[in-house]
There are 2 protein chains.
Amino acid sequence: MAQSDTVTKILDAAEALFAEHGFAETSLRTITAKADVNLAAVNYHFGSKKALIQAVFERFLTPFSQLIETGLDQHAKLQPDTPMEVEEILQQVARAIAGVSHGDRRRLSIFMRLAGLAYTQGQGHLRRFLQKEYRGIFRRLMAVITMATPDLQPVERFWRFHFMLGATAFTMSSMESLQAIVEHDFDTKCTEEEIVALLLPFLAAGIRAK
Amino acid sequence: MAQSDTVTKILDAAEALFAEHGFAETSLRTITAKADVNLAAVNYHFGSKKALIQAVFERFLTPFSQLIETGLDQHAKLQPDTPMEVEEILQQVARAIAGVSHGDRRRLSIFMRLAGLAYTQGQGHLRRFLQKEYRGIFRRLMAVITMATPDLQPVERFWRFHFMLGATAFTMSSMESLQAIVEHDFDTKCTEEEIVALLLPFLAAGIRAK
DNA sequence: TTTTAAGTTAAACGTATGTTTCAAACAGAC
DNA sequence: GTCTGTTTGAAACATACGTTTAACTTAAAA
């Protein structure tokens with residue numbers, strides 16, 4: 001229980017701090033202080049800060065992509081001949097995200113912000129790691145989207161897919177500050193689920209434009 | 001000519017390096033080395049690294065917002081009673097961006113990547129600086145968008161505006177790598193202008209969804 | 001020519017970072 | 001209870017950073 005406890009505490013603290021301040025701005029000392037763990041524990045259990053960053057991603061990205069995978073499998077089994085609608089695909093992804101955060105409201109936000117950071121923050125090693133590790137699920141998602149948008153030119157679809165990715169990653173990565181602005185300017189609170197509910201029609205309309 | 005030359009060299013180097021690696025990851029030593037300038041020059045001319053970051057933004061954000069301002073002024077003068085269409089507004093912005101980069105292809109990409117970083121990368125001081133300095137143009141843009149989308153709820157419009165911002169900032173900030181992928185996978189080259197031409201209908205459709 | 005201010009330079013400063021070390025504490029197996 | 005491999009702990013290490021200093025150069029003003 002000793003090891004896995006320390007490892008988990010480090011991952012939890014790192015996850016939250018990375019999401020809040022970014023990777024370069026979060027020091028190992030801050031992480032280990034928050035985790036109530038010795039400084040050396042990070043290098044002992046993970047080897048390096050880079051490896052810790054990758055481990056943080058691995059912990060939620062692996063179940064996440066598995067959830068999507070099984071979701072797509074289910075559709076393929078139940079309705080093997082009808083291609084999925086764009087909205088269905090997006091909802092599948094949204095459901096997987098919600099599934100990973102598993103009740104914990106904060107984790108959904110952390111999850112999204114991390115995903116955004118992964119793209120926007122430099123960290124070449126992270127990009128390489130993610131591309132290598134999760135290329136399969138990425139290609140599969142692309143395949144169902146291709147079936148859902150048969151009229152689109154391949155290059156056009158590629159770009160629109162990344163437009164969607166960008167709107168999502170950016171929104172999620174600056175979610176907290178945007179939520180604060182909404183609360184201040186409109187006197188309304190927006191939960192993460194509500195934001196997702198607003199985002200999906202935007203994305204679906206965008207990818208089907210014209 | 002000594003001062004302004006050094007200042008310009010520092011700004012040029014910082015702009016390119018920030019866009020490529022982010023703010024925290026770019027050291028003053030890297031900047032001054034690339035600018036072929038003494039390390040102390042940054043603190044002498046700008047006062048601090050934070051002030052340098054703000055100066056980099058100021059240099060292109062000020063003419064950028066002026067271009068948008070005059071564009072909106074023109075429309076207000078020529079057609080004072082017809083509200084702008086979403087597409088017109090977006091094209092106005094696109095034209096302003098192109099105007100600032102002024103021939104230099106790389107600056108367009110740098111410009112957008114910086115804008116994206118400003119939002120996603122922590123840097124509280126940058127956010128505060130931008131909000132204080134450019135709140136006027138932001139509000140004015142929001143106002144014309146409001147007139148162009150009268151059916152939208154205010155909160156909904158706020159979020160959709162940031163979805164657009166996200167799609168744009170993200171796309172531009174990872175433009176180079178995405179262009180490389182397109183060239184490899186589809187055997188086609190995409191210029192920045194072509195990407196913008198693909199982006200605008202996506203954004204317009206998104207903000208008008210439903 | 002002398003003075004004066006601005007700009008540049010090389011070196012150093014203090015601090016914070018990621019990483020390593022090695023002794024101490026702990027666990028389960030025998 | 002002893003032994004063995006694993007995990008923790010406090011301290012130190014080397015390095016990189018932003019910033020400061022003070023001597024030096026430049027060039028225009030007096």
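Because only heavy atoms are used, hydrogens play no part in the values below, and waters and symmetry mates are left out as well, while side chains stay in. Chain letters run A, B, ... following the sequence lines, proteins first and then strands; every chain starts at 1.
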- What do the steps show when you test B/T6 against B/Y44 for side-chain hydrogen bond (donor to acceptor under 3.5 Å, both in side chains), and what is the final call? CA-CA 11 Å; B/T6 298; B/Y44 177 77; over 6 Å; no
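- Put simply, A/N43 has a side-chain N or O that comes within less than 4.0 Å of OP1 or OP2 on C/dT19.
- A straight line from CD1 of A/I53 to C1' of C/dG18 spans 12 Å, rounded to a whole angstrom.
- Under the 3.5 Å distance criterion, the side-chain polar atoms of B/K49 are matched with a main-chain donor or acceptor of B/F23.
- Remark: B/S27 is in phosphate contact with D/dC17, judged by side-chain N or O atoms under 4.0 Å from OP1 or OP2.
- Two residues, A/T30 and A/G47, neighbour DNA chain C, and the one matched to the more 5' nucleotide by heavy-atom proximity is A/T30.
- C/dG18 atom C1' lies 11 Å from atom NZ of A/K50, rounded to whole Å.
- Side-chain atoms of B/Y44 lie closest to C/dG7 of the nucleotides C/dT19, C/dG7, D/dT6.
- Taking atom CD1 of residue B/I10 and atom C1' of nucleotide C/dG7, one finds them 11 Å apart after rounding to whole Å.
- Here the side chain of A/A40 is nearest to one of C/dT21, C/dT19, C/dT9, namely C/dT21.
- Between B/H162 and B/F138, the ring-plane angle classifies as tilted under the 30° and 60° cut-offs.
- Distance A/E25 CD to D/dG18 P: 12 Å, rounded to the nearest Å.
- The distance from atom NZ of A/K49 to atom C1' of C/dG18 is 8 Å, rounded to the nearest whole Å.
- Judged purely by atom type and a 3.5 angstrom limit, B/E194 uses its side chain to pair as donor or acceptor with the backbone of B/T191.
- Where A/R29 and A/D36 meet DNA chain D, the nucleotide closest to each residue was compared, and A/D36 sits on the side nearer the 5' end.
- Taking atom CG of residue B/L28 and atom P of nucleotide C/dA16, one finds them 17 Å apart after rounding to whole Å.
- Here the side chain of B/S65 pairs a donor or acceptor atom with the backbone of B/T62 at under 3.5 angstrom.
- Nucleic acid contact for A/A41: none, since no nucleic acid atom lies under 4.0 Å from a heavy atom of the residue.
- Regarding contacts with the backbone of C/dT8, a side-chain N or O of B/H45 is found under 4.0 angstrom from either OP1 or OP2.
- Taking atom CG on B/L39 and atom P on C/dA12, their separation rounds to 14 Å, with Å as the unit.
- Residue contacts for A/T26: at a heavy-atom cut-off of 4.0 Å it reaches the sugar-phosphate backbone alone, with no base atom in range.
- In this structure, the nucleotide among D/dG9, D/dT7, C/dT9 sitting nearest to the side chain of A/N38 is D/dG9.
- Distances shorter than 4.0 Å separate none of the side-chain N or O atoms of A/T6 from OP1 or OP2 on D/dT7.
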